[in-house]
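None of the values given here were measured: they were computed from a predicted structure. Hydrogens, waters and symmetry mates play no part in the numbers below; they use all other heavy atoms, side chains included. In this chain, numbering begins with 1 at the start of the sequence shown.
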Amino acid sequence: MNHLMHPHETALVTEPPHLQGRWRRDPLMRLITGIGKTWFPFWGSLEPLRETAENNGIQVLEIVGREVVANDDNVIALTFAAPDRSVLPEWHAGAHLDLLLPSGRMREYSLCGDPGDRTTYRIAVRRIPDGGGGSVEVHDDLSVGDTISIKGPRNAFPLAMPGYGSPVGRLRFVAAGIGITPILPMVAIADRFGLDWSMIYTGRTLDSIPFRDELARYGDRVQIRTDDDHGLPTMAELVGDIGDDGLAVYCCGPTPMLEALRVHLVGRADVELHYERFSPPPIENGTEFEIRLASTGESQTVAADESVLTALRRLRPNTPYSCQQGFCGTCKLRVSDGEVDHRDGSLMEPEREAGYFLPCVSRCDSDSLTIDV
């Protein structure tokens with residue numbers, strides 16, 4: 001037999017009396033209600049702050065290791081772990097972290113540890129006295145036991161291995177100086193998988209080259225070549241033996257070396273070139289124009305061979321930036337007047353339509369740009 005159930009229609013319009021009949025409003029219930037009305041709105045006001053940090057991908061890590069990894073003392077390696085030593089987010093060779101430094105600067109550093117170690121991250125930083133200040137701050141102000149906020153890991157330089165996503169038969173790694181950092185875990189992965197690989201590692205002097213001890217275990221697969229002993233290498237020496245089964249070259253170093261390699265390999269269908277810069281890319285087909293600050297009316301000329309970011313930092317030295325290559329978005333600003341030539345960059349179309357641009361890579365399609373700073 002089926003029974004049709006009707007909802008209860010009686011509604012309470014006043015609070016029930018005390019169970020003992022003494023008060024209509026029970027004191028304990030009133031206390032609990034008062035606490036709830038005060039506590040839960042307060043807790044709710046804190047929740048967006050916690051969610052914002054989580055949604056931004058920010059983690060607070062502890063520095064658990066610091067060591068000098070180049071004999072000239074200009075390169076240090078920092079190792080991070082979660083304060084509770086919990087498992088960290090996964091990463092793959094070629095990934096980097098965004099360090100949110102105490103000064104407010106954000107800087108990107110490649111992960112150079114073991115991707116199989118889920119409890120620590122490691123980076124290496126060369127001290128650059130006349131740079132933007134980030135490396136000096138890392139060297140002078142960060143010590144074991146300190147905590148630091150990071151974003152990531154993110155990967156703009158992934159490794160595609162032969163037999164695991166790449167059609168080539170061999171790998172060639174090319175590193176120059178501190179460019180070893182993204183290459184180091186790639187070499188470890190290639191060796192772990194038993195792939196056919198080789199590497200050339202260049203630097204000014206032997207003492208300036210980091211991680212030589214770690215690379216020693218690979219024997220003659222790694223060729224270390226210094227400028228003071230052998231002069232600058234040719235592009236053919238960097239590429240090495242191409243062979244008959246295809247070659248993938250993974251390179252990280254200064255822009256002139258990367259550009260020379262790119263030109264050298266133009267038209268070679270049997271060679272893949274993958275690279276990551278640690279300095280801004282060169283300006284191609286640039287023209288001179290003016291930028292103006294909407295807030296003050298100050299202006300600055302942007303030379304044909306420099307970025308808007310470079311010119312802007314002459315007016316506002318504290319302008320935030322990080323990668324200088326158009327993918328991190330740290331330097332994103334809004335244009336209130338003028339036409340932007342959006343070149344390489346990570347901005348989505350809605351952001352461009354809203355007037356945003358990346359001064360590290362974008363140019364100007366008019367006589368001037370007025371920037372909201």
Side-chain angles (χ1 to χ4, degrees), residues 48-49 52-53 55-58 98-109 125 127-142 148-151 154 255 277-373:
L49 299 178
T52 297
N55 292 339
N56 287 339
I58 296 175
D98 299 330
L99 261 62
L100 308 182
L101 296 172
S103 65
R105 298 181 179 97
M106 186 178 88
R107 293 293 183 268
E108 297 178 344
Y109 296 106
V125 181
R127 185 186 186 97
I128 305 175
D130 57 350
S135 67
V136 174
E137 183 175 359
V138 170
H139 275 250
D140 291 351
D141 298 341
L142 299 185
I148 189 165
S149 297
I150 64 107
K151 289 184 179 181
R154 294 187 294 149
T255 295
R277 297 183 176 96
F278 53 71
S279 59
I283 305 296
E284 296 182 355
N285 303 318
T287 57
E288 184 178 287
F289 59 94
E290 294 288 319
I291 56 171
R292 295 189 182 90
L293 306 189
S295 58
T296 64
E298 296 171 273
S299 64
Q300 184 69 223
T301 299
V302 181
D305 61 349
E306 71 174 353
S307 69
V308 176
L309 177 63
T310 300
L312 179 59
R313 293 186 70 238
R314 289 198 291 272
L315 294 173
R316 293 291 184 273
N318 293 328
T319 299
Y321 70 94
S322 184
C323 76
Q324 302 185 74
Q325 298 176 50
F327 60 80
C328 76
T330 303
C331 64
K332 181 177 71 174
L333 292 170
R334 191 168 185 171
V335 171
S336 57
D337 187 49
E339 298 294 326
V340 177
D341 173 12
H342 294 285
R343 298 194 174 185
D344 294 337
S346 61
L347 290 187
M348 304 297 288
E349 193 59 35
E351 292 178 295
R352 296 185 179 192
E353 292 176 356
Y356 290 99
F357 83 120
L358 295 172
C360 64
V361 291
S362 300
R363 304 296 293 172
C364 181
D365 267 348
S366 53
D367 293 333
S368 66
L369 294 176
T370 301
I371 304 171
D372 292 339
V373 176

Might you work through the salt bridge (charged side-chain N to carboxylate O under 4.0 Å, His left out) test for Asp365 and Arg363, ending with a clear yes or no? CA-CA 7 Å; Asp365 267 348; Arg363 304 296 293 172; over 6 Å; no
Taking atom [atom1] of [X] and atom [atom2] of [Y], what is their separation to the nearest 0.5 Å?
X	Y	atom1	atom2	value
Thr310	Ile283	OG1	CD1	7.5 Å
Thr301	Glu306	OG1	CD	8.5 Å
Ser135	Arg105	OG	CZ	9.0 Å
Leu293	Glu298	CG	CD	5.0 Å
Arg154	Glu108	CZ	CD	5.0 Å
Arg316	Leu309	CZ	CG	14.0 Å

Checking [X] side chain against [Y] main chain: does a donor-acceptor pair fall under 3.5 Å?
X	Y	result
Arg334	Ala354	yes
Ser366	Glu339	yes
Arg107	Val138	no
His139	Val125	yes
Thr370	Arg292	no

Taking only residues two or more places apart in sequence, or in another chain, which ones meet Val335 in a side-chain contact (heavy atoms from CB on, under 4.5 Å)? Val340, Phe357, Leu369
Identify the two heavy atoms, one from Ala294 and one from Ser336, that lie closest to each other, and give their separation to 0.1 Å.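 Where Ala294 meets Ser336 most closely, the heavy atoms are CB-OG, 4.1 Å.
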Member of Leu101, Leu100, Asp141 meeting the side chain to side chain contact (heavy atoms under 4.5 Å, CB included) criterion with Ile148: Leu101
Is the shortest distance from a Lys or Arg side-chain nitrogen in Glu351 or Lys332 to a carboxylate oxygen in the other one below 4.0 Å?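 Here Glu351 pairs with Lys332 in a salt bridge, since their nearest N and O are under 4.0 Å apart.
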Apply side-chain contact (heavy atoms from CB on, under 4.5 Å) to Arg127 and Val136, showing your working. CA-CA 6 Å; Arg127 185 186 186 97; Val136 174; 3.8 Å; yes
Within a radius of less than 6.0 Å around CG of Asp367, do more than 12 heavy atoms belonging to other residues, nucleotides or ligands occur? no
Tell me, do [X] and [Y] make a side-chain contact under 4.5 Å, heavy atoms counted?
X	Y	result
Gln300	Leu312	no
Glu137	Pro102	yes
Ile371	Val308	yes

